[in-house]
Structures are given as C-alpha cells and as structure tokens.
Protein chains: 2
Amino acid sequence: MKVTIKDVAKEANVATSTVSRVLSNSPKISEKTKENVHEAIKKLNYKPNAIARSLANNKTRILGVVLPEDADDILNNPFFINAMKGMSMYAQKKNYYITYTFSKTQQIERKHLKDIINSNLVDGVILLRVSEDDKNTAYLRSIDFPFVVVGRPDNPEEVLWVNNDNISAMYNVVEKLIKKGHRKIGFVGAIENLNMSKDRFIGYKNALFDNKISYDESIVVHKDEFIENEGQSACNELLQNKDITAIVTTDDLIAFGIMKELKLKNIDNISIVGFNNTPLSAYQNPPLATVDINAYELGYSAAKLLINNLEGKEHAKRHYIVDTEFIERESFI
Amino acid sequence: MKVTIKDVAKEANVATSTVSRVLSNSPKISEKTKENVHEAIKKLNYKPNAIARSLANNKTRILGVVLPEDADDILNNPFFINAMKGMSMYAQKKNYYITYTFSKTQQIERKHLKDIINSNLVDGVILLRVSEDDKNTAYLRSIDFPFVVVGRPDNPEEVLWVNNDNISAMYNVVEKLIKKGHRKIGFVGAIENLNMSKDRFIGYKNALFDNKISYDESIVVHKDEFIENEGQSACNELLQNKDITAIVTTDDLIAFGIMKELKLKNIDNISIVGFNNTPLSAYQNPPLATVDINAYELGYSAAKLLINNLEGKEHAKRHYIVDTEFIERESFI
DNA sequence: TTGTATGCGTTATCAA
DNA sequence: TTGATAACGCATACAA
C-alpha cells in the first residue's frame with residue numbers, strides 16, 4: 001500500500017495539515033514537531049504524491065516543449081537536442097519535469113499544443129521556433145498562458161523570449177570577410193519568414209552598408225528549406241555572377257550543399273561560412289567555418305526564464321540574449 | 001474560469017457521474033443523454049482535467065524515459081534521439097505523454113528514477129541502456145513497477161524488453177568479411193559489461209568458430225568508452241599484429257578513431273566496419289560501412305510494449321526483436 | 001503553533 | 001439508465 005500524508009500524521013500524532021506544513025517548510029512550526037514529523041516520514045519512507053499536489057495547488061511542475069513540425073529537422077539538427085538538454089538541466093535543478101510534443105504537420109502541432117494546455121498537464125510552454133505572424137504565440141497570448149519562445153517574436157515587449165543577436169552575429173561574419181578583402185559576398189538563406197532568417201539577412205545588409213559596399217540583389221538567394229539541395233541550386237544561381245568571392249549562409253546544411261556544388265565545378269577559391277556549428281561542419285572538406293549559436297545555453301535560459309516567471313520572481317527578467325561564437329575553419333579564406 | 005465537469009452536468013441537467021460516463025463511453029447510457037451531454041460539452045468547450053483524472057484513477061498516462069548517465073553520449077549519439085522519437089510517436093498515438101531524466105552520474109540517475117516513480121508521476125518507465133547486474137532493473141523489479149528495457153536484460157523471461165539480435169548482427173558482419181577472404185579479423189569493443197557489448201562479441205566469436213577460424217585473443221581489444229580516442233589506441237594495439245586485414249567494432253565512434261589512426265599511418269588496406277550507422281559514418285573518408293540498428297523502431301516497440309502491458313492487453317507480447325541492416329560502404333573492402 | 005474542515009476535478013461505488 | 005456521494009492525496013482558510 002502507498003503511504004500517504006495521513007499515515008505520516010497518524011505516526012507522528014499530528015494533523016495532516018501539520019505534516020503538509022513541515023513538507024513545505026512553513027516558518028510557523030515548532031522545531032520539535034518538525035523533527036517529530038521528519039522522523040515519521042523517514043520511518044514510513046513517505047513520498048508526497050505529485051499528482052495530488054498538483055490538483056490541490058493547480059501546478060504540475062511540468063513544462064511542455066513544442067518541437068517544430070518538421071520532424072526530420074530534429075534528427076539532423078542538433079540544435080533541438082542541445083536546446084532540450086539545456087532546458088532539462090535547468091528544469092531538473094528546479095525540480096521541474098519536461099514533456100514535449102513531436103508533430104508531423106503544423107496542424108497537428110497546434111492540436112498538440114492545445115491538448116497539452118487544456119488538459120492542465122503543464123504549467124508553461126517553450127516554443128522552439130517562431131515565425132512571422134506566429135499562430136502558436138498568438139494562441140498562447142489569447143488565452144494568457146505562460147510561455148517563452150526561443151527566437152525573436154513579432155512583439156518582443158509582450159512576450160518572454162531568449163535569442164541570439166542574429167543581426168550582429170551575421171554582421172560580424174560579413175565584416176570579417178570584408179576585412180579579409182572580400183567585396184562580392186553572396187547571401188543564401190531559407191524560410192524567409194522566420195524572424196531568425198530576417199535578422200541574419202539584416203545583419204548581412206548592415207555590414208555591407210557600414211562598409212560602404214553596395215547591396216547587390218543578384219547575389220542574394222532565399223530558399224524554401226534548410227537542406228543541402230537548396231544550397232546546391234542556390235550556388236548555381238550565385239555563380240551566374242562570376243566575380244563572387246565569398247558566400248555566407250544562414251545554415252550549415254545550405255553551406256554543405258554549396259560546397260558540394262563548388263567541388264563538382266572544381267572551384268576552390270570562394271570563402272564559405274555556415275551557421276549553427278552542426279557536428280558535420282567540422283567534417284566537411286575543407287572544414288566549414290560557421291557560427292555557434294550556443295543552443296544549450298538558449299535552452300537553459302528559456303527554462304530559467306519560464307520557471308522564474310511561473311514562480312513570480314520579482315523583477316524576473318523577460319528575455320535573455322545568448323552569445324554566439326564565430327568558429328573559424330579552413331573554408332574561411 | 002476553468003470549466004469543469006460540474007458545469008457540464010449543470011448545463012446538461014444531469015449528474016457529474018453521467019457526464020463522466022459519457023466521456024468514457026460507458027455502454028449503459030441512453031443515446032439521448034449522450035447527445036445531450038455532448039452538446040453541453042461542445043457549448044462550454046469543456047476539456048477534462050488530466051491531473052484530476054490521474055488522481056481519481058491512479059494513472060497519469062505519462063511514461064518516464066531514463067536516459068543513460070553519460071550525458072555526452074546523448075549529444076553525439078543519434079541512437080537516443082531516434083529511439084526517443086520512436087517512443088514518442090507511439091505514445092502520442094495512444095495519448096500518452098513522455099517525460100525523461102538526463103543525469104550526469106549513475107548515482108543521480110538512480111535518484112531521478114526513484115523520484116519520478118515515488119512521486120507517482122509516471123505509469124511506467126523505459127530504460128535505454130542495460131548492463132550486467134543492472135541496478136535499475138533490479139530496483140524496478142523489487143518494487144514491481146512496470147518497465148521495459150531497450151537491450152538485453154540478464155533475466156529475459158522476467159522482464160519486458162526490445163532488442164536487436166546483436167549476436168547475429170555481428171555474426172553477419174564477420175561472415176561477410178570472411179566471404180571476402182579475410183582471415184585475420186580484429187575486434188574492438190567498449191564497456192564490456194553492457195549486454196549489448198557481450199552479444200556483439202559472441203557474434204564475432206561464433207562466426208569465426210563456424211568458419212573454422214581460430215579465435216586469436218591478441219587481436220581483440222575491449223575499451224572503456226565509446227569515443228574516438230579509444231579507437232585510436234585500440235588501433236595501435238591491433239597493429240602489433242602485422243597481418244590483420246579487417247577490424248570490426250561495436251560502435252562507429254570507435255571505428256572513426258581507428259580510421260583516423262590508420263590514415264596517420266598511411267594504411268589503407270584494412271577493412272573497417274562500424275556499428276549504429278551514425279550520421280557521421282557516411283561522411284568518413286572512406287565512408288564507413290556499419291550496421292543500422294533501427295533505433296526508431298526500437299523506441300517505437302518499447303513504447304508499444306509498455307503501453308500494451310500497462311493497459312493489460314491480453315496476450316500482450318513481452319518482447320520484440322528489431323531487425324538490423326548492414327550498410328555497405330567503401331571502408332568495407 | 002496546531003487542528004478542523006473543505007476544496008481541487010475526476011472516477012467509482014452504491015442505490016434508486 | 002441515472003444520481004448522490006465517497007474517494008483519490010494534498011494544501012489551505014479559518015478556528016482554536
């Protein structure tokens with residue numbers, strides 16, 4: 001039989017409320033009964049029932065993570081794993097559990113989000129991707145449910161978020177290239193409506209502008225997906241422009257495709273920079289220079305942000321910016 | 001305000017118990033009241049509270065996954081991700097949620113396991129790694145808590161498990177090498193006390209035996225960790241033996257280390273086979289032949305096994321064997 | 001400082 | 001076929 005708070009109360013000759021107070025470390029309880037109760041707890045090996053607790057105080061200490069709809073991403077993109085790991089570490093530290101939903105389509109993703117919230121299972125939600133005019137954040141805001149997004153939401157003042165400074169991250173990459181003497185720097189991005197995509201593109205343009213290099217639309221390509229194929233085809237578009245000397249991308253997978261295509265064409269004098277520092281990037285030939293976005297820290301901060309706000313910490317921060325790091329490798333020439 | 005079963009009952013002019021019966025599709029309920037109640041549910045947009053439900057029937061529909069203690073594994077080893085994905089897919093299909101614990105040490109892992117069980121948060125547990133004389137399975141059995149292991153437990157009759165046939169998977173690899181003419185085939189494994197390691201080693205020996213090749217202890221190395229470094233040092237040990245022509249390993253990471261070392265030594269006439277078909281394996285130079293263990297399917301089956309048994313399905317299976325597949329690539333010469 | 005009583009939102013038991 | 005009510009295990013308002 002499961003031992004409950006009643007058993008402890010009986011054993012310690014106190015009321016269940018007293019036991020409950022001892023458990024929650026209530027200040028107004030005498031040292032003596034405290035010890036007394038602790039003894040009974042130990043003797044009976046009592047463990048509070050998390051579910052009953054949740055029902056009583058309407059808090060589950062479970063966080064819900066919504067993994068983005070494109071399930072394949074999750075396998076090939078360590079961003080999600082690292083972010084999950086970061087979240088998990090902070091959550092565990094604070095005695096929270098994490099559950100999550102995988103979904104194949106956006107529609108199912110919405111359904112999962114609603115289910116998990118309506119069932120009262122989670123205290124808050126973390127979104128790992130945010131797009132322009134994002135339906136999920138809109139929904140969460142409409143029902144006033146606690147959540148944080150990893151990425152930049154449309155309305156940054158009204159939403160909890162953690163993010164890299166993608167503008168300056170890309171700005172720095174482009175500026176490094178310019179310092180190396182590059183003037184014709186191509187840009188390849190994908191999924192243009194992600195705010196992350198937009199920011200990296202802005203960083204690109206800003207760096208050009210600040211260095212008095214005119215923006216050339218003909219060496220900018222926006223693709224639909226973060227996959228190698230897109231990189232390959234983008235590469236071909238860019239090569240129409242003979243004098244290009246460098247290409248920056250918003251994702252390593254795109255950069256992989258570009259490198260593949262350049263190799264086919266026997267071109268080895270174009271500088272390539274990826275984004276996200278995926279494990280494969282170091283194994284490219286030549287190894288791909290890239291930007292580490294510190295996914296672990298993004299996840300960790302996201303959990304911290306959410307939990308602090310759930311627990312109503314005064315002056316709780318409302319967002320974090322996580323540093324990025326340029327990883328220089330041989331493709332950066 | 002949250003709408004509860006009481007509100008629905010009031011709206012439909014029935015008792016809460018009736019609403020509850022409608023919800024659980026109880027047979028003895030008239031079509032008329034059923035419709036009536038459904039209408040009220042829709043009108044009020046009522047969603048049952050999962051926590052209250054859990055408390056009432058002592059089932060949470062949450063599964064706990066214990067990720068192995070070595071956190072770094074989880075990042076580099078897509079096995080865990082794929083397995084999690086498989087589990088998630090089946091769980092979602094059956095309206096279960098999954099939560100998990102990451103741990104840095106075995107000790108903390110045990111604590112997490114106990115916490116998650118004692119708090120009554122999960123209905124069952126999935127273990128993603130099992131070793132000889134496994135403490136976790138022993139604990140779970142001692143308290144008679146539902147669980148399944150991915151891998152081979154010591155007492156297969158008494159435990160729910162899913163597994164590859166690691167013996168025959170490695171047997172097939174070695175036999176393929178023998179058919180190619182190899183006679184001096186080295187073996188490199190790690191973490192000898194994992195049953196998985198043992199089985200692959202047995203497969204190796206059996207294949208030699210059945211092909212009348214004498215077992216040579218001097219070309220067998222057991223290392224401590226599944227990392228590249230161990231592969232490199234193992235390689236050096238094996239090369240003492242000049243006439244070796246092939247090396248099988250129990251993990252791709254080990255194989256990577258071996259290939260690295262061989263390249264340093266300018267040796268390119270030794271056949272190498274990895275295990276687990278990690279993404280990097282295809283990107284080695286030459287691409288690494290390996291064995292795909294179908295982690296997704298392992299996870300999927302594990303969840304299926306656990307849920308079926310939790311729900312007391314009659315004749316529920318007590319284990320699954322998931323097929324492996326040899327992935328032939330250029331390192332297989 | 002402690003105890004009593006009640007509520008949290010369901011399901012299950014027992015009667016009707 | 002339906003309703004009233006206890007029970008699930010804990011937290012907390014109110015009393016003492």
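Being a predicted model, the structure only gives us computed values, none of them experimental. Per chain, numbering begins at 1; letters A, B, ... match sequence-line order.
You'll find a donor-acceptor pair under 3.5 Å spanning the side chain of A:Ser17 and the base of C:dT4, going by distance alone.
Within residues 21-30 of chain A, the residues that place at least one heavy atom under 4.0 Å from DNA chain C are, in residue-number order, A:Arg21, A:Lys28, A:Ile29, A:Ser30.
Ion pairing between A:Lys34 and A:Glu31 holds under the 4.0 Å rule for side-chain N and carboxylate O. Using a 4.0 Å cut-off between a side-chain N of Lys or Arg and a carboxylate O of Asp or Glu, B:Arg61 and B:Glu311 qualify as a salt bridge.
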Review point. side-chain contact (heavy atoms from CB on, under 4.5 Å) between B:Thr99 and A:Ile62: does it pass, once the steps are laid out?
Key: CA-CA 9 Å; B:Thr99 189; A:Ile62 303 178; 5.7 Å; no
- Task: Could you check A:Glu297 against A:Asp323 for side-chain contact (heavy atoms from CB on, under 4.5 Å), going step by step and ending with a plain yes or no?
- Result: CA-CA 9 Å; A:Glu297 198 62 29; A:Asp323 285 340; over 6 Å; no
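Residue A:Ser54 is classed as having no contact, given no heavy-atom separation below 4.0 Å to the nucleic acid. Within the nucleic acid shown, B:Thr4 comes within 4.0 Å of sugar-phosphate atoms alone, with no base atom in reach, counting heavy atoms only. Counting non-hydrogen atoms under 4.0 angstrom, B:Lys47 reaches the backbone sugars and phosphates but no base. In this structure, B:Val14 reaches the sugar-phosphate backbone alone: every heavy-atom distance under 4.0 Å involves primed, P, OP1 or OP2 atoms, never a base. A:Asp7 comes within 4.0 angstrom of nothing in the nucleic acid, heavy atoms only.
Look at B:Arg53 and you won't find any side-chain N or O under 4.0 angstrom from OP1 or OP2 of C:dG9. Close to D:dG3, at under 4.0 Å from its OP1 or OP2, lies no side-chain N or O of B:Thr16. The side chain of B:Ser20 places no N or O atom within less than 4.0 Å of a non-bridging phosphate oxygen (OP1 or OP2) of C:dT10.
Atom CG of residue B:Asn118 and atom OH of residue A:Tyr46 lie 11.5 Å apart, to the nearest 0.5 angstrom.
Across its full length, the helix from C:dT1-D:dA16 to C:dA16-D:dT1 shows an angle of 40° between the axes of its 5 terminal pairs at either end, rounded to 10 degrees.
Side-chain proximity of A:Asn57 to D:dC8, D:dA11, C:dG3: nearest is D:dA11. Closest to the side chain of A:Ala52, from the set D:dC10, C:dT10, D:dG3, is D:dC10.
Not counting sequence neighbours, the partners of A:Lys111 by the side-chain hydrogen bond (donor to acceptor under 3.5 Å, both in side chains) test are A:Asp115.
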